[in-house]
Each structure stands twice: as structure tokens, then as C-alpha cells.
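One structure below.
We count ligands from 1, going down the list as the structure has it; atoms in each ligand are counted the same way. Any value given below was found using the heavy atoms of this structure, including those in side chains, with hydrogens, waters and symmetry copies removed.
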Amino acid sequence: MTTATHLPHRTAATPRPPAPAILELAGLHVSYGAIGALRGIDMVVREGEVVALLGANGAGKTTTLRTISGLHVPTSGEVRFCGERVDGVPSHTVVGLGIGHSPEGRRVFADMTVLENLHMGAYRFKRLRQEDLDRVFALFPRLAERRTQQAGTLSGGEQQMLAMGRALMGRPELLLLDEPSMGLAPLIVAQIFEIIKEINAQGTTVLLVEQNAAQALKIADRGYVLETGRITLHAPAHELLDDPRIRAAYLGEATG
Ligand code: ATP
């Protein structure tokens, strides 16, 4: 026997060690007055992943993203970003740590131009950085064409692009996307999902809240299902796509 047989070695069958966690939610509870919106959420997002968060209306998806961003303070539990506690940290500080948020409903600054909106996204830096603007315009050429247009006059798809571009101007390591496909025509939805894939390929980790479960799971590595404030299922995305419960509840298929 040679010494080489005693050395640890990796074969094709050896699983890769998981990437480090960029985001961890542990026992997260969030309430609106007496109403418990999140009732003990545990979730991990690893560096480089796209993770889909699925659930029906009112399940708590937006509340989860807003809590990660520092817009809600949990009643108990923890949010960790890169290992550090960020629950209770103000939202402007959270942005500065490297979490970008493209909110539900886009919420662009309607009276400002495209360029002014992108400036707002870069406020964690002292000035707008040309390389970040170039990256956003390369991802969204439509925004470059319309840089001087008032954001309120953009189409829904363009406003979605602007909301994502604005979040990217803060150079996030983790991008939170809340319903990016909401209310958009199928062709635009397909473009938006392609761009999310590209943003991820460029190195940004993505946590994606979507009603469009089929599209979300096609680009995601893993998915979590939220039901009335609790995670009821989490699995690799391809398993969720094949799961009859998911197909019936979120992909509009009749049960057998
Ligand atoms: P949707 O897909 O409809 O946006 P969601 O999964 O994002 O739903 P949330 O918006 O997080 O769900 O809402 C979770 C629960 O918290 C719901 O029951 C909702 O009515 C409640 N809720 C959300 N925001 C508030 C608020 N500001 N005040 C009181 N209750 C709220």
C-alpha cells in the first residue's frame, strides 16, 4: 500500500463543502401589534446562491425581506449577515453593510430622473461610482437610453429595472428582490429573470421573493416555502419543482 492511499482526496462523488452562509435567520418572530406575521423562521442563504422564498399572499414574504433590511425589528430571533447580528440595526446601516433591497411595488422616486434614482442608490458611497453606473447600464440598456426621463413616466418593466439598478448601485453582496415579476408582461418577465441570473453570475447572492414560483425555481438553487409565518418546506429548487404539493399549490396544477 502506498502512502497516497492514506491521503484525503476528492473524487467526483465527494460532495463539495457548502459555501459559507451570507445570511442566517434563526427563530425569527415579527409581529404587527397583536398579529404574528413571522412565527419562528429559520433560513440560510449561502454565498453565491439564488434562493427563492415562495408563499401565498400574506404568508410573510415581504415582512421577511423588510426585517432583513432593518425596516422591521423582530420581537425575537436573530438575523445574521456574514456572521454578524443585524437585527435591530437601522436600514441605512444595513445597506452600508452590503444588503441591497428592491422592494415590492418598486417604489422608485417618481419625480426624479432615472439617473437621480440611481444616485440615491449609491448614497452609501460619498459619490456615484462610474463603474457601478456602467454595470447597471450594461445590465439594463433601457435605463441608459432613458437616463434623463422622469421615473414616474417609465413603464412597469422599466421601473422594475430601475428598482433593481438602484439597489445594485450600493454594491450589495446580497440582493433582496421582492416580486420583481409582479404585473409585468411575459416577455418582460423572461428578461427580468435572465438579468437576475446574470447579476448572480457576476457574484451577487440573491434572495428572491416571487409569486411566479415556476420561473423563480428555474433560476434558484434552493427554495423555501412560507405559510402563515412559518417555513413549511425547504429543498433544492429542482426538488420543489417536482414536488406535487408545490405543483398543486404554486404552479397551478390539479392534484392527481
Ligand atoms: P403578499 O404576497 O401579498 O405581498 P406577503 O407574503 O409578502 O404577501 P406580508 O406582506 O409580509 O406577506 O404580510 C404578512 C402578514 O402581515 C399579513 O397577514 C399582513 O396582513 C400582515 N401585515 C403586513 N404588513 C402589515 C402592517 N403594516 N400592519 C399590520 N399587518 C401587516
**Fill in**
Taken to the nearest 0.5 Å, the spacing of Leu38 CG from Lys61 NZ works out to 11.0 Å
**Item:** Proximal atoms of ligand 1 relative to Ala56 (non-hydrogen, under 4.0 Å)
**Value:** 6 (O)
**Fill in**
Here the atoms of ligand 1 under 4.0 Å from any heavy atom belonging to Ala59 are 5 (P), 6 (O), 12 (O)
**For Glu104, the ligand 1 atoms whose distance to one of its heavy atoms is below 4.0 Å** = 4 (O)
**Message:** Under 4.0 Å from a heavy atom of Glu179: which atoms of ligand 1 are those, numbered in the order shown and with their elements?
**Reply:** 2 (O)
**Item:** Listed partners of Asp132 passing salt bridge (Lys or Arg N to Asp or Glu O under 4.0 Å), at least two apart
**Value:** Arg129, Arg171
**Request:** Counting heavy atoms only, name the option from Thr62, Val30, Leu53 that's nearest to atom 7 (O) of ligand 1.
**Result:** Thr62
**Protein heavy atom under 4.0 Å of atom 19 (C) of ligand 1** = no
**Asked** Can you tell me the protein heavy atom closest to atom 12 (O) of ligand 1 and the distance?
**Response** Gly60 N, 3.1 Å
**Prompt:** atom 24 (N) of ligand 1: which protein heavy atom is closest, and how many Å away?
**Reply:** Tyr32 CZ, 3.3 Å
**Asked** Is the NE2 atom of His29 crowded by more than 12 outside heavy atoms at less than 6.0 Å?
**Response** yes
**Asked** Counting both backbone and side chain atoms, is some N or O of Ala37 under 3.5 Å from an N or O of ligand 1?
**Response** no
**Request:** Using a strict 4.0 Å cut-off to heavy atoms of Thr63, name the atoms of ligand 1 that fall inside it.
**Result:** 9 (P), 11 (O), 13 (O), 14 (C)
**Contacting atoms of ligand 1, where contact means under 4.0 angstrom from a heavy atom of Gln211** = 2 (O)
**Prompt:** Side chains of Thr63 and Tyr32: is there a donor and an acceptor less than 3.5 Å apart?
**Reply:** yes
**Salt bridge Glu49-Arg46, side-chain N to carboxylate O under 4.0 Å** = no
**Asked** Looking at Phe109, is Arg166 sitting on its ring face, NZ or CZ under 6.0 Å from the six-membered ring centre and within 45 degrees of the normal?
**Response** yes
**Message:** Give me the residue, atom name and distance of the protein heavy atom closest to atom 15 (C) of ligand 1.
**Reply:** Gly58 O, 3.7 Å
**Message:** Less than 3.5 Å apart, any donor N or O on the side chain of Glu210 or Ser181 sitting next to an acceptor on the other?
**Reply:** yes
**Asked** Between Thr205 (side chain) and Leu174 (backbone), is there a donor-acceptor pair under 3.5 Å?
**Response** no
**Message:** Keeping Glu116 on the side-chain end and Thr113 on the backbone end, is there a donor-acceptor pair under 3.5 Å?
**Reply:** yes
**Request:** May I ask you to identify the nearest protein heavy atom to atom 3 (O) of ligand 1, giving residue, atom name and distance to one decimal place in Å?
**Result:** Asn57 ND2, 2.9 Å
